[in-house]
Structure formats: structure tokens, C-alpha cells
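See structure below.
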Amino acid sequence: MATTMMEGIERVVISAEEIARRVRELGQAIAADYRGGAARDLRRRPLLVVGILKGAMPFMADLVRAMDFPLEYDFMAVSSYGNGTSPGEVRILKDLDCAIGGRDVLIVEDIVDTGHTLQHILAGLSARGPASLRVCTLLDKPHRREVEVPVDYVGFVLPENLFVVGYGLDYAEVYRNLPFVGVLKPERIREE
Ligand code: PRP
């Protein structure tokens, strides 16, 4: 195991400064949209921002602070079944604390890859009758999509074959606390 995380990193793909700039832009754009008519809750309750654990945690924390708009936040944790042999099967490990009927909901993800996780979350939350349901992801890999999912806000688009860690994204649960998004050294993937 590396003693510093940088030892395992081959190169930085998106720097902490680039992330901070883009998160500010996203926060401002989202707040402007909800001020400008995206909010559909007839009772005008605050927007509910839903972070998908664990990957979305750092992005979510920065994004909500970039939104000058009244909001509440909550979290869901989901997990793919098994080792990926059954794509599309996702189970809920932690559900929302509150009901979302009639409310405006914004899902926050760290990355959308095949789309299976998001598809399952969207289906589950849609069935609860929110007034509106939108999605914001820091990273998007549109070329890897296996199912079509609507994504309203994207921070950065990544090439298909780039496996990244950091700013919430893990390799074997490690590297989530890197302040940037980077690529692991190939030998590090074999070692750990
Ligand atoms: C990652 C990520 C998304 C999902 C995207 O979660 O946070 O939820 O995979 O992949 P997909 O589009 O192919 O479904 P992961 O299951 O690795 O859990 P984590 O957030 O706890 O790392």
C-alpha cells in the first residue's frame, strides 16, 4: 500500500482548480434554472438535492455550497449486485429519509457510465411522484452507455477507456479523498 496517494497516480486528468471552477459554474447554472422556472413544486418547498453515496460526497458538498438557492439535501446509497454479471440489478442500501411526492428533486452523481445505476434510481424515485426530477453528474462517459438515461447537468465528459480515481471516485475503495481526478499507475492496479 502506498504511503502517500500521489505515489499511485500516473497523471492528473482534471485539477482541483478546474473542478472548483466547473462546480461553481454548475451551481450557478442550476440555481438560475430553478429560480427561472425549473421548480414545479406547487407548495414551493425547497429543492431536495439527493447525493448518491459514496462517490458523490465531495462533489455534492462543493456543489450545494455553490448554489445560492434554498435547498435541502439527503443521500441514497445503492450497490450493484454481485460482480457485474447481472447489469441493471441495483439494490438500495440506504433510502431517502423523507417523502418526495410533489417535490423538486435533483440527483447528484459522481459519474454516469453504463447508466444502469442511474436508470434504477430514476425509476425508483419517479414512482414516488416528484414534481420534477433532474440529474447532475460531475463526470460522464456517454460512449459507455448501455441504457439511455437523461442527464441534465454534466461537469466533464471523459473518454470511454479512461479509468479515473479521486474527488469521490475509488479504486478498491481507496483514492476517494484525492482533491483532483487522476489516472492510477498501471502497476498500482495490479499491486492493490
Ligand atoms: C459508481 C458511480 C455511479 C455508478 C455509475 O458507483 O458512483 O453510481 O458507479 O456506473 P453505471 O453508470 O455503470 O451504473 P459505485 O457502484 O462504484 O459505488 P460508489 O459510489 O460507492 O463508489
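No experiment lies behind these values; they were computed from the predicted model shown. First listed ligand is number 1; within each ligand, the first listed atom is number 1.
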> So which heavy atom in the protein is nearest atom 16 (O) of ligand 1, and how far is it from that ligand atom?
Replying inline: Ser80 OG, 4.6 Å
>> Using only atom types and a distance under 3.5 Å, with no angle test, would you say the side chain of Asp104 pairs donor to acceptor with the backbone of Asp41?
In response: yes
> To the nearest 0.1 Å, how far is atom 9 (O) of ligand 1 from its closest protein heavy atom, and which atom is that?
Replying inline: Thr117 OG1, 4.4 Å
> Mind checking whether Gly115 has an N or O less than 3.5 Å away from an N or O of ligand 1?
Replying inline: yes
>> I need the atoms of ligand 1 closer than 4.0 Å to a non-hydrogen atom of Ile111, numbered in the order shown.
In response: 2 (C), 3 (C), 5 (C)
> How close does the nearest protein non-hydrogen atom get to atom 20 (O) of ligand 1, and which residue and atom is it?
Replying inline: Gly55 N, 2.9 Å
> Near Lys54, which atoms of ligand 1 are under 4.0 Å from a heavy atom of that residue?
Replying inline: 19 (P), 20 (O), 21 (O)
> For Pro58, does its backbone N or O pair with a side-chain atom of Arg176 as donor and acceptor, under 3.5 Å?
Replying inline: no
>> For atom 2 (C) of ligand 1, what is the closest protein heavy atom, and at what distance to 0.1 Å?
In response: Asp110 OD1, 3.2 Å
> Arg176 heavy atoms, cut-off 4.0 Å: which ligand 1 atoms fall inside?
Replying inline: 19 (P), 21 (O), 22 (O)
> Do Asp74 side-chain atoms and Leu96 backbone N/O form a donor-acceptor pair below 3.5 Å?
Replying inline: no
> Would you say Ile30 and Val108 are hydrophobically clustered, going by side-chain heavy atoms of ILVMFWY under 4.5 Å?
Replying inline: yes
>> If we ignore hydrogens and angles and just use 3.5 Å, is the side chain of Lys94 paired with the main-chain N or O of Phe75 as donor and acceptor?
In response: yes
> Between Tyr34 and Arg134, is there a cation-pi geometry (under 6.0 Å to ring centre, at most 45° from the normal)?
Replying inline: yes
> Considering only heavy atoms of Thr114, which atoms of ligand 1 have at least one such atom less than 4.0 Å away?
Replying inline: 11 (P), 12 (O), 13 (O), 14 (O)
> Measuring to protein heavy atoms, does anything land under 4.0 Å from atom 7 (O) of ligand 1?
Replying inline: yes
> Is the closest protein non-hydrogen atom to atom 18 (O) of ligand 1 under 4.0 Å?
Replying inline: no
> For Tyr73, does the OH atom sit with more than 12 other heavy atoms under 6.0 Å from it, leaving out its own atoms?
Replying inline: no
> Which residue holds the protein heavy atom closest to atom 10 (O) of ligand 1, what is that atom called, and what is the gap in Å?
Replying inline: Asp113 CB, 3.6 Å
> Numbering the atoms of ligand 1 from 1, which are under 4.0 Å from a heavy atom of Asp170?
Replying inline: 22 (O)
> Quick one: does Arg91's side chain have a donor or acceptor within less than 3.5 Å of a partner on Val78's backbone?
Replying inline: no
>> Check Arg22 with Asp62, please: is the shortest side-chain N to carboxylate O separation under 4.0 Å?
In response: no
> Ignoring hydrogens and geometry, is there a side-chain-to-backbone donor-acceptor pair from Arg144 to Val112 under 3.5 Å?
Replying inline: no
>> If the cut-off is 4.0 Å to any non-hydrogen atom of Leu53, which atoms of ligand 1 fall inside it?
In response: 20 (O), 21 (O)
> For ligand 1, which atoms sit closer than 4.0 Å to a heavy atom of Glu109?
Replying inline: 2 (C), 3 (C), 7 (O), 8 (O)
